[in-house]
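In the text below, chain A, chain B and the rest are named by the order of the sequence lines, each starting its count at 1. Being a predicted model, the structure only gives us computed values, none of them experimental.
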Amino acid sequence: MLSLISHDTPRSKILTVILLAIGIGLLFAPFLFPGSRSMETAARIAVFIVLVASYDLMLGYGGIVSFAHTMFFGFGAYGIAIASDTLGRGFSSLAIGAIAGILVSAVAAVLIGLISLRVRAIFFAMITLAIASAFAVLVSQLSTITGGEDGINYQIPRELTPAFKLMSAKIFDVSVNGKLLNYYLLFFCSAGLFLIMLRIVNSPFGSVLKAIRENDFRAEAIGYRVVIYRTAVTSISAAIAAAAGALYAIWLRYVGPGTALSTEIMVDILLMVVIGGMGTMWGAVVGATVFVLAQNYLQPLMQVAVDATKPLPLIPQLLDPDRWLLWLGLLFILSVYFFPTGIVGRLRKNG
Amino acid sequence: MSEPLLTLEGVHTHIAQYHILQGVNLDVPKGGVTMLLGRNGAGKTTTLRTIMGLWQASQGKITFDGQDITRLSTPDISRLGISIVPENMGIFSGLTVEENMRLAVLSGKIADDRLDWIFSAFPPLRTFWKYPAGNLSGGQKQMLSVARAVAEERRLYLIDEPSKGLAPAIVSSLAKAIKDLKRDGATVLLVEQNFSFAKALGDTVSVMDDGHIVHSGSMAELAQDQNLQTRFMGLSMETA
């Protein structure tokens, strides 16, 4: 079935099992892990899989380093927020917001690409960093439209909120309400976007991207216009990031600089790409899952460890949940040291 | 001699502060193999790269089939029907042999008879069709590099030292493939250091030295004249 979409199969038994576990876990998350926190985590994983995969499309396949990816994510998120805030709650507002966000994102990426993809990679990275910073400042200053630093709270269609009951009976003790529908909207859209990217990287277009990444002069000598291809992949990647932003905004019902534009999100994306493995879509799945789980559950895990090691000297202090970022950083360094090609690269090598 | 398909008139190329091509005048006749010979550092590779637009000519004019291509971009030059086999092979190691080949055909589909001919000329490519090109041996990589350039019919083939560092058996198969191209009426500009290889394939020859063409004529004439060989190419040419 998968080979119909892509020839890039997992190529490792362990990786196949991990990917299946993630896929099934996300599909049945509301029933397997009841509770709002686990549902929030599952939704965040699904959105970040798409966001990280779209970034890897550019970095891992196109060899393009960009720091503007959260800006594209923000276009989608703010598109939903502004449309819902100004046009009122409704599916039409969501559709207008999402389409506007995706279009603005794609067009902005084309403009940035055509202007700056001719320069060397490091300069392109700097240009994207400058543009993303300028956009973040603009969002902060245009508070009448964007809500400034406070962001925007808005209403989404009632059918996607907990107040809407699809049926009175529960399934496996879980209420079938609008929140569940909202989760499955996010899940299936994310899955669809991921499969589209999987198809893209295994199409002739994907082969040209990989060729450009390896040797752009040679690709030009064969007849491929490198700037056009790089601009196209930047635009596709930006549009998909905006779609991920729109899905996340529908889920959260709030958009602010911290949730959609912050530098921390950009750093998280980079870490997820590296942890999962660059240049493979499966890396985004593994990287996003591991990272988001660590972000959400490292602190409680550390509290358990502190309780268990209370009688010992020093260790409880080191494992204090307040130091979770230190341990997350250490985990990252260790993963880069032991898995330089990412978890997926390592598993494929062993497989 | 037939009319030239490619003409270089007073072409100069600078790379950083170095003045490599210093007024190259070269005619490549339509149909047949033109050898570009000369010592190391004479400017042969730079000539091919300048024709392809990989390095821009700072002065002079390059005409292909009546069209001025001096200022065209590399992809545009390629799309006019010129393909290049670079000296360093330039294969995409992370892609499979099949992907490398398909990339060379802008339509994405290699004609069946063309593929049959490529497989008969270079059997290892059929064997390793689904394997990453980076896993091939040096000779197989060179086969892939040549096969990629000829994956579809082009009007001019620029081939840079295809026999360099290869085993005699592989050199023979490369020579046979180029002879097949020649028989089909293709136009080839071939840079070579191996004089035996050059003699076997060349119809016309141009000899370069210090960024100039110092001799042009028929290959047969040069092959028979020991004095000309010594005068234009010194002792650096491999005669084996």
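- Residues A:Pro204 and B:Arg102 have side chains not in contact (no heavy-atom distance under 4.5 Å, counting atoms from C-beta outward).
- When all heavy atoms are compared, the tightest approach of B:Leu103 to A:Ile222 is O-CG2, 3.3 Å.
- Heavy atoms closer than 4.5 Å to chain A are found nowhere in B:Arg49, neither backbone nor side chain.
- Looking only at distances, no side-chain donor or acceptor of B:Thr74 sits under 3.5 Å from a matching main-chain atom of A:Ala221.
- For B:Ile91, the part lying near chain A is the backbone, with the side chain staying farther off; criterion is any non-hydrogen pair under 4.5 Å.
- Proximity to chain A (any heavy atom under 4.5 Å) is shown, for B:Ser93, by both the backbone and the side chain.
- Of all non-hydrogen atoms in A:Ala211 and B:Phe92, the two that sit nearest each other are O-CE2, 3.3 Å.
- Looking at B:Leu95, both its backbone and its side chain come within 4.5 Å of chain A, counting heavy atoms on both sides.
- The number of heavy atoms from other shown groups lying within 6.0 Å of CD1 (A:Ile14) does not exceed 12.
- Atom CD of B:Glu153 sits in a sparse spot, with 12 or fewer heavy atoms from other residues, nucleotides or ligands closer than 6.0 Å.
- Residue with the most contacts toward chain A among B:Gly53, B:Gly94, B:Ser73: B:Gly94 (heavy-atom pairs, distance under 4.5 Å).
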Derivation of the side-chain contact (heavy atoms from CB on, under 4.5 Å) call for A:Arg218 and B:Ile84: CA-CA 9 Å; A:Arg218 188 68 204 127; B:Ile84 184 168; 3.3 Å; yes
